[in-house]
Each structure stands twice: as C-alpha cells, then as structure tokens.
Amino acid sequence: MNLYETMLERVRAALARLAERGELPADLDLSAVTVEPPRDPAHGQMATNAALVLARRARRRPLEIAERLAAELSALPEVAAARAAPPGFVNLVLHDRVWREQIRTVLELGHDYGRCDLGRGERVDVEYCSANPTGPLHVGHGRGTVVGDALANLLAFTGWRVTREYYVNDGGGQIEALARSVYHRYRELLGDDPGPLPEGLYPLEELVPVARRIVAEDGDRWLGRPESEWLDRFGRVAVEAMMARIREDLERLGVRHDVFVSERALIEAGRIEEVVAALEARGLVYTGTLPPPKGRPVEDWEPAPQLLFRASAFGDDIDRPLRRSNGAWTYFAADMAYHYDKFRRGHTVLIDVWGADHGGYVRRMEAAVAALTEGRARLEVLLCQIVHLHERGEPVRMSKRAGNIVWLRDVVERVGRDVFRFMMLTRKNDAPLDFDLEKAVEQSRDNPVFYVQYAHARICSVFRHAQQAGIPVDLDTLRAAELERLRDPDELALVRRMADWPRVVAGAARAREPHRIAFYLHELAGSFHSLWTRGKEDATLRFLVADDPAVTRARLAMLAAVRVVIACGLGIMGVEPVEELH
RNA sequence: GCGCCCGUAGCUCAGUCGGAUAGAGCGUCGGCCUCCGGAGCCGAAGGUCAGAGGUUCGAAUCCUCUCGGGCGCGCCA
C-alpha cells in the first residue's frame, strides 16, 4: 500500500469515527473520497475532498465537515498539520519522517517498490505490432510496438497476468500479391524477363533473397507453370522470410512477444466456421444487402446480398459483412475468430494497439467481442496516431509508391534502441508525435531521454566517488542511515516526488497510458538535477560531505532509492538505465 | 454527409475519477563554473484552456451545439 492509499484509509477511519459520534450520518458512500496531492503545493502535501463529496448527503456545510475531519486527522501520528480550507478541502502536511521513511521502503523493496495488485491477477492479452508479413517494419510500426510493449510491462507490474501477442495476417489476398511479387523476382533471377512489375505488387528489394532461396531449393521447376501450382509455395516461403525479418527487427527494439498467432492457421482449423455457427445459433448472422457506402461514391457499387453479422445490435452503426462476394471470408470474420481465440485461451481483457487509420474498425470489433464472449471479456483499443519524422527540421515524407520507406531497423541503429523507445513514449498515444532524428541523438536538456539517463548516470557517478573515498555504500549500511539528517526542502521535495511513484504507476496502468511514466521520470530527474546544482553553490548540500559521515549516509540512501525508481521506470519503458554517458 | 480522435503560452506538449491561483520544455530576456560530470541549475516575461450554452458546491476535464485540424467510411488488411 502506498502512502496515499494509507492516508485514504486514515481518512475513511476518521469519517467512521465521526459517524459513530453522530456528527455524520451512518451509511455514507465513501467511494468518491480521494486523497491526492493538491495542484498547488502551497496548500499542503495531500488533500482530501471528503467533505465536499459528502456534504450533500450529510446535509451539512462542506466547510463544517472539513473542520471536524481536520480536527480528527490532526491527531494521527503521521500528520503534522491538517487544515480545512474553503470550499471544503482538508489539506494535510505529513511529518517529514513519514516521507523520509519511504526511502527505507524503497531500499527494502528494490524494484518491487510501486508494484501493486491492481489487476488482481486478471488475464489480459496485449496485441501489438501485428504488421503484415509483406515487408520489414517501418518507423510507423515502431510507435505501436513500443506503446504495446511498455503497456504490457506496466500491466504486468501492476498485477495483471499478461500475454504479449502478435497476429500474423498471412491469410488474405495480400499474401497472394506477395507471392506473385516473389515470382516476379524469381523469373528475373532465372533470366525469364517478366517485364515491368504489375500494379499492386510489392517492389521490395527484400524479396530478391526470398526468390533466390526458391531458386536454390526448387531450381526452375516453376517457370512457365500456372499460378495455381506455385502460388501457395511462394506465399509460404515469403511469409516465413518476412516474419523472420520482422522478428529480427523486434529483437533489435528489445521486443519479445509470447505468442504469434497465424490467421491462416485459424482459417485452416475451421475456426471461422465455428464462430459463425455459434453466432448463427443465436440469430446474430443473416444474409442481407447493405446500403451503399457513404461519402465518396464507389463507382462499381452494386447491391449484393451478403452474409452479415448483426453488429448494430452491439453498438455499431451498421451490420458487417462476413463473406466477400467471391465466397471468401472477410478479414473481419477471421478477426472475430481470432479475438474469440484470445478469450478461449483465458483472457478477459483484450487490448489491441492499432494505428489511427484503423479507427473506423473499432466499433465493429467491440461489437464482435461483446457478442462472442457474451460480455465476459472486453476489448480495449489503443489507437496510435502518426509519427512525423523530421531530419534537420525538414519533414521526411514516406510513400510506399515512391519507395522511400524509412525502415525501423535503420532508425533504431541510428539513434539507438533506448532513445527510440523513450521518444515513442513522450506523447499520449492519441496525439501525433514528431520525431526529429537529430534531436534524438542530441545530449541536451532538449532530449528527455538524455535528461533522465543523465540523472541516473550522475547518481552512479556519486557512488563511484563514494567508493573511491572508501565510504561504505552497501545496502545494509544505507538501510541503517539516519534519514532525519535529510532536512533541506529540496531534499524532501525529491523524496516526496520519489514517493509518488506508486501512485503514478497505478494511475498509468488504470488509464493504459505508459507515457505517464516518461513524464514522471522527467520530473523526478528534474528534482534531482536541481538538488545537484545546489550542491555546487553550497558545499554543505553536496551528497558526499567528508567530515559528516552520517549526513553522507543519509544522502546516499536517498540517491540509492531515487536510482531504484528511475531504473524501475525505465525498465517498464524498456529503456536501459545507463551508468555512464560518454 | 456520417463515425472516431484532437484543439491548452510564440512553438512542442503535460494536466490524476471533475477540485483551490491552469503547469513543463523550447524560444526570448537576465543570472550561476575554486564543482560529487555546467551535457546542468536559478529567475523573468508569456494564457479568453477554439467558441457558445448546460450539469455541478466546483469544469481544461462531463453533456449539447458551432468552428478548425487529422483519420476512416461494402466484397483491402
């Protein structure tokens, strides 16, 4: 339990005592009562809204309740001051020692500090990346991949049982196009001039080695043969090769999925038929004709009866097709089978991280999950907005047609895994993100990655100096430090910021917003840098004070704890906490 | 036309389940190097939270409408 939760319990207990004495009604609903840091630190260190929330039901003036509550809270051992403030807050100041003790807690718990059981062991499936196996990952894929990975880390840290998952779209027409693209290269390699690449095929250089492999294994036996003979073979080899490449790209980003699920395998196992039959049995599937699409007119639109899922019964605008007019299942039908599969494997929270261009797909998938699981699982979709790439201030435009795609691997190699991952988490997912390749490698205040890592490195540097000076820095010594020697307001501010970590983690997990970790670390690093600089101006505030081993121990304990929190936060983001910058 | 997302300082963005006088970085201006790493720190200036209405003790936050931007809109994935 973190400090805020502890104080919330204290507030609830105090309210109960007031109720016992008849100063409040007995059965008040306390669920809206919170204990939070006030926006303006001048008000105090924590504030509760209890009186404001309860005033109406209690039929009392908020300030009156606040005053009684303040009196009650003043008596607590943790509380240095409790004051009622208009319109009805109770502001709390805790004894410094309560905050300082958090240092010892951090040193006891290490990287488990901030861990909690918010998820209560519920099984959540986080599906992210899931790029089509028609080429390597490009920068655009990187954002969702990092967001999904960090979110999975965050949820695992806060008590969920997490599966990290990649859906391999190896079943549709795009794979046929991929196979034909490889066949084109195959003919080129064997000197059988195929002419220019037909419209709709992939011009990727990366397909040449795939074709080469088929030449090596199969020779020229597919030359001049009808498509029906070679299409499957070429498709399988191409998907395998592309997935191998994608896994390498993921590896370089430090991303490792637990499960790769093949769309094709689901289809071949008859899973779509199962799901559709189940829906059919419940009257949720029918044959009908959809109205023409809105917006820009579709030239060759003709009304045609199709097999439809009654998505509109679950909040979608219209019903959605399950079969194409050529009889094949739609992507949506396969996706239904896939999401049902996630549920069948025991997940009750399904989180999908998608690009913003899939926004129009969210409603129908939510409807599908609601229908298939009969409300026992819920889908949460995180849409990641576009990444704008900049080079020397100029936007880098990517276009598949022009063939100037920026591969994820190249960017990661250039700026480094840590920088890339951190930068991808410096915006909330539904805001567009600018990524400047120059700034990313710059070591300045401008660059939040550097700023945070620099704080960590500086702490490590202090410890190196301490060791050189023969000052004991082992954990037992630090745990036994006389923390009351930490008296400077900036030291206490740093400690309070550090003690915020459990709240931040829980809030970020609840909101599915891993970017909050990045912002928090930036603030924590700021508090630290500020304190560091004061030590330059005032030697008594330096961390290592030669003639005062006790204060040195206390400050080293504080730094050790801050370092743990920084490292832990970076760990959730998948970023290495470096010990030295160069 | 419809749906989803967004609109906060000159720029890029935070803003906790609705909480008090809306915060940070960049940029601008003014300061701080006998130093545990100045790759840093401190200060100043800078706001009609797009606009209007509503709910509420209280709205940047929730609801409605308007304006502006992004994405998407049968048988692609």
Side-chain angles (χ1 to χ4, degrees), chain A residues 31-32 34 36-40 42-43 47 49 52-53 55-56 61-62 85-89 91 130 132 134 169 171-175 177 263 289-296 298 301-304 306 308 316-318 320-328 330-332 334-335 355-363 383 385-386 426-428 430-434 442-448 450-451 454-455 457-459 461-466 469 503-504 506-508 510-511 513 515-516 519 522-523 526 529-537 539 542-545 555 559 580-581:
Chain A
S31 61
T34 60
E36 292 177 343
R39 193 178 279 174
D40 184 347
H43 291 127
N49 63 350
L52 289 161
V53 175
R56 175 176 288 242
R61 284 174 40 244
F89 290 99
N91 292 319
S130 296
N132 293 337
T134 52
N169 294 131
Q174 54 171 352
I175 300 304
E263 178 190 3
T289 305
L290 288 174
K294 305 283 198 286
R296 59 161 192 273
V298 179
W301 186 85
E302 281 174 28
Q306 280 180 296
L308 300 173
D316 201 358
D317 305 327
I318 55 170
R320 302 293 180 176
L322 295 169
R323 268 194 204 279
R324 299 188 234 158
S325 48
N326 68 5
T330 58
Y331 177 80
F332 176 57
D335 218 0
D357 54 343
H358 288 61
Y361 197 71
V362 174
R363 282 275 185 85
L383 294 180
Q385 284 290 338
I386 192 168
T426 53
R427 290 282 173 275
K428 55 183 174 207
D430 50 13
L433 187 151
D434 292 310
E442 205 172 274
Q443 298 197 336
S444 74
R445 187 139 180 37
D446 237 4
N447 182 341
F450 165 76
Y451 190 70
Y454 187 37
R458 270 182 156 174
I459 293 175
S461 162
V462 174
F463 276 92
R464 283 192 298 270
H465 279 269
R503 264 186 84 249
V504 170
R510 223 190 308 265
E513 290 186 347
H515 76 276
R516 290 191 196 183
F519 282 91
H522 194 263
E523 287 173 3
H529 285 309
S530 179
L531 191 57
W532 171 287
T533 305
R534 286 198 53 214
K536 298 186 153 312
E537 290 152 6
R542 293 173 62 167
F543 301 126
L544 306 179
V545 184
R555 288 177 181 166
L559 292 189
E580 259 178 300
L581 295 163

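Sequence lines set the chain letters: A, B, ... in the order given, protein chains first and strands last, and positions in each chain run from 1. Quick caveat: nothing in here was measured; it's all calculated off a predicted structure.
- In this structure, Asn91(A) places its CG atom 8 Å from C1' of rA20(B), rounding to the nearest Å.
- In this entry the distance linking CG of Asp317(A) with C1' of rG74(B) reads 14 Å, nearest Å.
- A 4.5 Å side-chain heavy-atom check between Arg427(A) and Gln385(A) finds every atom pair outside the cut-off.
- When heavy atoms are screened at a 4.0 angstrom cut-off, Ala47(A) is found touching base atoms of the nucleic acid.
- At a threshold of 4.0 angstrom between heavy atoms, the contacts of Phe463(A) with the nucleic acid are absent.
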Inset, instruction - Starting from the C-alpha separation in whole Å, work towards a yes-or-no answer on side-chain contact (heavy atoms from CB on, under 4.5 Å) for Thr34(A) and Asn49(A). - result: CA-CA 6 Å; Thr34(A) 60; Asn49(A) 63 350; 3.3 Å; yes

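- When the C1' atom is used for both rG46(B) and rC4(B), the distance is 35 Å, rounded to whole Å.
- Looking at Asn132(A) and Gln174(A), their side chains do bring a donor and an acceptor atom within 3.5 Å of each other.
- Side-chain proximity of Asp430(A) to the nucleotides rC6(B), rG37(B), rA77(B) is greatest for rC6(B).
- Within the structure, a side-chain polar atom (N or O) of Ser530(A) is placed less than 4.0 Å from OP1 or OP2 of rC42(B).
- In the set rC71(B), rC41(B), rA77(B), the nucleotide with an atom closest to the side chain of Asn132(A) is rA77(B).
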Legend entry - side-chain contact (heavy atoms from CB on, under 4.5 Å) evaluation trace for Tyr454(A) with Trp532(A): CA-CA 12 Å; Tyr454(A) 187 37; Trp532(A) 171 287; 5.9 Å; no

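- Out of rG19(B), rG37(B), rC41(B), the shortest distance to the side chain of Arg464(A) is found at rG37(B).
- Aromatic ring pairs are classed by plane angle as parallel below 30°, tilted from 30° to 60° and perpendicular above 60°; the pair Phe332(A) and Tyr361(A) is perpendicular.
- When heavy atoms are screened at a 4.0 angstrom cut-off, Pro62(A) is found touching no nucleic acid atom at all.
- Closest approach to the Tyr331(A) side chain among rG70(B), rG19(B), rA77(B) is made by rA77(B) (side chain taken as heavy atoms from C-beta onward).
- Spacing between rC13(B) and rG47(B) at atom C1', rounded to whole Å, works out to 15 Å.
- Using bins of under 30°, 30° to 60° and over 60° for the plane-to-plane angle, the ring pair His515(A)/Phe519(A) lands in the perpendicular bin.
- For the P atoms, the distance from rU61(B) to rC65(B) is 16 Å, rounded to whole Å.
- rC5(B) atom C1' lies 13 Å from atom CG of Asp357(A), rounded to whole Å.
- Although no hydrogens or angles enter the test, the distance criterion places a donor-acceptor pair under 3.5 Å between the side chain of His529(A) and the main chain of Tyr451(A).
- Rounded to an integer number of Å, the gap from CZ of Phe89(A) to C1' of rU21(B) is 13 Å.
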Inset, instruction - Take Arg555(A) and Val545(A) through the test side-chain contact (heavy atoms from CB on, under 4.5 Å) and record every step on the way to the result. - result: CA-CA 9 Å; Arg555(A) 288 177 181 166; Val545(A) 184; 3.6 Å; yes

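- In this entry the distance linking NZ of Lys536(A) with P of rC33(B) reads 11 Å, nearest Å.
- Separating the P atom of rC67(B) from that of rA9(B) is a span of 22 Å, rounded to the nearest Å.
- Of all heavy-atom pairs spanning Pro448(A) and Thr426(A), the tightest one is CG-CG2, 4.0 Å.
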Please tabulate the protein-to-nucleotide N/O contacts below 3.5 Å involving nucleotides 11-15 of chain B, giving atom names and distances.
from    : atom 1 : to        : atom 2 : distance (Å)
rU12(B) : O2'    : Arg427(A) : NH2    : 2.7
rC13(B) : O5'    : Arg427(A) : NE     : 3.2
rC13(B) : O2'    : Arg427(A) : NH1    : 3.4
rA14(B) : OP1    : Lys428(A) : N      : 3.2
rG15(B) : OP1    : His515(A) : NE2    : 3.3

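- Nucleotide rC65(B) is shown with an anti base, its glycosidic torsion being more than 90° from 0.
- In this structure, Asp316(A) places its CG atom 13 Å from C1' of rG72(B), rounding to the nearest Å.
- Asn326(A) comes within 4.0 angstrom of nothing in the nucleic acid, heavy atoms only.
- A stem is defined here as three or more consecutive Watson-Crick or G-U pairs, each with both distances under 3.5 Å; for RNA chain B these stems are B:1-7 with B:67-73, B:10-13 with B:23-26, B:28-32 with B:40-44, B:50-54 with B:62-66.
- Looking at the side chain of Gln306(A), the nearest of the listed nucleotides rA20(B), rC36(B), rG74(B) is rG74(B).
- Comparing the P positions of rA20(B) and rG15(B) gives an interatomic distance of 15 Å, to the nearest angstrom.
- Checked by distance alone, Asp335(A) brings no side-chain donor or acceptor within 3.5 Å of a matching partner on the base of rA77(B).
- Taking both residues in full, the closest heavy atoms of Pro321(A) and Leu290(A) are given as CD-CD1, 3.8 Å, listed atom of the first, atom of the second, then distance.
- Between the OH atom of Tyr454(A) and the P atom of rC36(B) there is a distance of 12 Å, given to the nearest Å.
- In this structure, Gly173(A) reaches the sugar-phosphate backbone alone: every heavy-atom distance under 4.0 Å involves primed, P, OP1 or OP2 atoms, never a base.
- At the heavy-atom level, Ala85(A) lies under 4.0 Å from base atoms of the strands shown.
- Annotation: rU64(B) and rG70(B) have their P atoms spaced 23 Å apart (nearest Å).
- Between the side chain of Arg516(A) and the backbone N or O of Val504(A), no donor-acceptor pair lies under 3.5 Å.
- The phosphate of rC41(B) (OP1 or OP2) has a side-chain N or O of Tyr451(A) nearer than 4.0 angstrom.
- Place Asn49(A) and Tyr361(A) on RNA chain B by their nearest nucleotides, and Asn49(A) ends up nearer the 5' end.
- Across rG10(B) and rG72(B), the matching P atoms stand 31 Å from one another, rounded to whole Å.
- Between Ala304(A) and Pro87(A), the residue whose closest nucleotide on RNA chain B is further toward the 5' end is Pro87(A).
- Contacts of Ala511(A) with the nucleic acid, taken as non-hydrogen atoms under 4.0 Å apart, are absent.
- Comparing atom distances between the Arg503(A) side chain and each of rC36(B), rU16(B), rG19(B) picks out rU16(B) as nearest.
- Arg320(A) comes within 4.0 angstrom of no nucleic acid atom, judged by non-hydrogen atoms across all strands.
- Among the heavy atoms of the strands lying under 4.0 Å from Arg542(A) is at least one base atom, whether or not backbone atoms are also near.
- When the P atom is compared between rG53(B) and rA60(B), the two are found 14 Å apart, to the nearest whole Å.
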Legend entry - side-chain contact (heavy atoms from CB on, under 4.5 Å) evaluation trace for Ile459(A) with Phe543(A): CA-CA 10 Å; Ile459(A) 293 175; Phe543(A) 301 126; over 6 Å; no

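- The aromatic ring of Trp532(A) does not stack onto the base of rC41(B), failing the criterion of a centre distance under 5.5 Å from the six-membered base ring together with planes under 30° apart.
- Closest to the side chain of Arg363(A), out of rG19(B), rG3(B), rC71(B), is rG3(B).
- Side-chain proximity of Arg458(A) to the nucleotides rA77(B), rG40(B), rC5(B) is greatest for rG40(B).
- Here rA77(B) presents its C1' atom at 8 Å from CD of Glu263(A), a figure rounded to the nearest Å.
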